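What follows is one structure encoded as structure tokens, with my remarks underneath.
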There are 2 protein chains.
Amino acid sequence: MTTQTRTPLSKERILGTAVALADEGGVDAVSMRKIAHALGVVPMALYKHVQNKDELLDGMVDAVVGEIDPPVAGADWRTTVRERVLAARRMLLRHPWASRVIEERTRARPDPTPAVMAYMDSMIGIFRAGGLSIDLTHHAMHVMGSRLLGFSQELFEDAADPDAPPAPPPPPELAERFPHIAELVMGISHDQGSVVGPGCDDQFEFEFALDLVLDGLERRRRQDGRVASSSSSST
Amino acid sequence: MTTQTRTPLSKERILGTAVALADEGGVDAVSMRKIAHALGVVPMALYKHVQNKDELLDGMVDAVVGEIDPPVAGADWRTTVRERVLAARRMLLRHPWASRVIEERTRARPDPTPAVMAYMDSMIGIFRAGGLSIDLTHHAMHVMGSRLLGFSQELFEDAADPDAPPAPPPPPELAERFPHIAELVMGISHDQGSVVGPGCDDQFEFEFALDLVLDGLERRRRQDGRVASSSSSST
DNA sequence: ACCTGAACACCGTTCAAGT
DNA sequence: ACCTGAACACCGTTCAAGT
């Protein structure tokens, strides 16, 4: 009905609308019918620019992975990787649906999408330039794999909202069934100012894990140098 | 039509059928209608034992998490955690749909399901008994979070099937666009017997990452002892 | 030749009608 | 009072009919 009809449909416009819908309403808000409706178009019109929904999801993945800030030049490998991963995390926080879709689509396709390939290629290049052996770089990519795309971690999920109600103290029945969880929740609370825990600082926890992994890789790199790659590890 | 009608419907029977369907056909094979059909029952009959599909998925999560072998007694914390995580991985390999569903449902619920809580409680107990501080245990749980449930990692996904066709050498066009990936693929191939890489040994890569993390936690634990928890880290 | 509406084969779930 | 079939509001996608 609007003048939107002027603007011709294109894959970019479709992907942009799909990403916007996902950002607003989660991945369930992305359907061929809803995208078409948002564009003032009949559902079947989308199939001129996109083969099917899987290809649409691949396009969304490429769009957001392409948003990740490029690596900054001039620092050591550890800093460069760290910044790049934190940039990836910022993208994932902007698009909460993305980690799920990236994982799903990467699993479903024979190869990752081009932007994901480019991201991986760049990351491998940083490791290699930093002096990691091919073997160690390969292991490093696997280690980062579960991390750099930020899957899960929030097993506690205490709601990041700082204005949330103070969260009821753990019911005594929980303390009885799960004493160690209860101790942890209490302990975390005491370490901080507030009486009952305001939940976890996800950014801190993410960086803790990232640094733990980077420390380990740097240690392995130095060992590699000393033992001249005597271990013929698998793959 | 069969004598199945004799066996009364129960939540256990429904969950067992749902898990079997998922094991065979993936998570898409799990629908209220298909479960009902497999049980020789009308779809609405399921709603007597299960409030809705989300509750069914929660039940499936609890069923498979409950399958994880309990911790073995008498070893140091590092070995105990290692064995437990490898047991979790074995469960995830038996039920390839599980990591996705566990993540989805854990994200959607206010608290994890009871079996997941029990698993976490047990894991926390192992860390604490091993001498990790409450703070460090908390960080450790976050670090393990993305790992112990085994999300992702397979970014390469070279098909674990050892009898797969030798995999075509990377097309020269790929080597041009993604030189670092190409180098890695070639390098991995050379390190092994075969001419072109047979893909990754996922079990090896998993254990490499796990040991990297456990090494890092053990190191932090020893540091903690020396500095008497001077760092008042967030959460 | 192009576009598109109706239709197909699915969903989870509601609800009223039948026993 | 209980059970259940039809119906509702959705899906992605096919395909034939209309321009």
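Chain letters run A, B, ... following the sequence lines, proteins first and then strands; every chain starts at 1. Since this is a predicted model, take the numbers as computed values, not measurements.
- A distance of about 16 Å separates the P atoms of dT19(C) and dA7(D), rounded to the whole Å.
- Two residues are said to be in side-chain contact when any heavy atoms from C-beta on lie closer than 4.5 Å; D211(B) and F206(B) fail this criterion.
- Place K34(B) and V42(A) on DNA chain C by their nearest nucleotides, and V42(A) ends up nearer the 5' end.
- dG18(C) and dC8(D) have their P atoms separated by 16 Å, given to the nearest Å.
- Here the rule is salt bridge (Lys or Arg N to Asp or Glu O under 4.0 Å) with D69(A), and of R84(A), R90(A), R89(A) only R90(A) fits it.
- Residue E67(B) comes nearest to H95(B) through the heavy atom pair OE1-NE2, 2.8 Å, listed as atom of the first residue, atom of the second, then distance.
- Base pairing of dG18(C) is made with dC2(D), judged by Watson-Crick or G-U wobble geometry with both donor-acceptor distances under 3.5 Å.
- Once you apply a 4.0 Å limit to the heavy atoms of chain B, the touched nucleotides of DNA chain C run 5' to 3' over dC11(C) to dC15(C).
- Under the Watson-Crick and G-U wobble criteria, each requiring two contacts below 3.5 Å, nucleotide dA7(C) is paired to dT13(D).
- Between H180(A) and F127(B), a ring centre-to-centre spacing not shorter than 6.0 Å is recorded.
- Side-chain N/O atoms of T113(B) and D58(B) include no donor and acceptor closer than 3.5 Å.
- For the pair R105(A) and M60(A), the minimum side-chain heavy-atom distance is 4.5 Å or more.
- Nucleic acid contact class of M32(A) (heavy atoms, under 4.0 Å, all strands): sugar-phosphate only.
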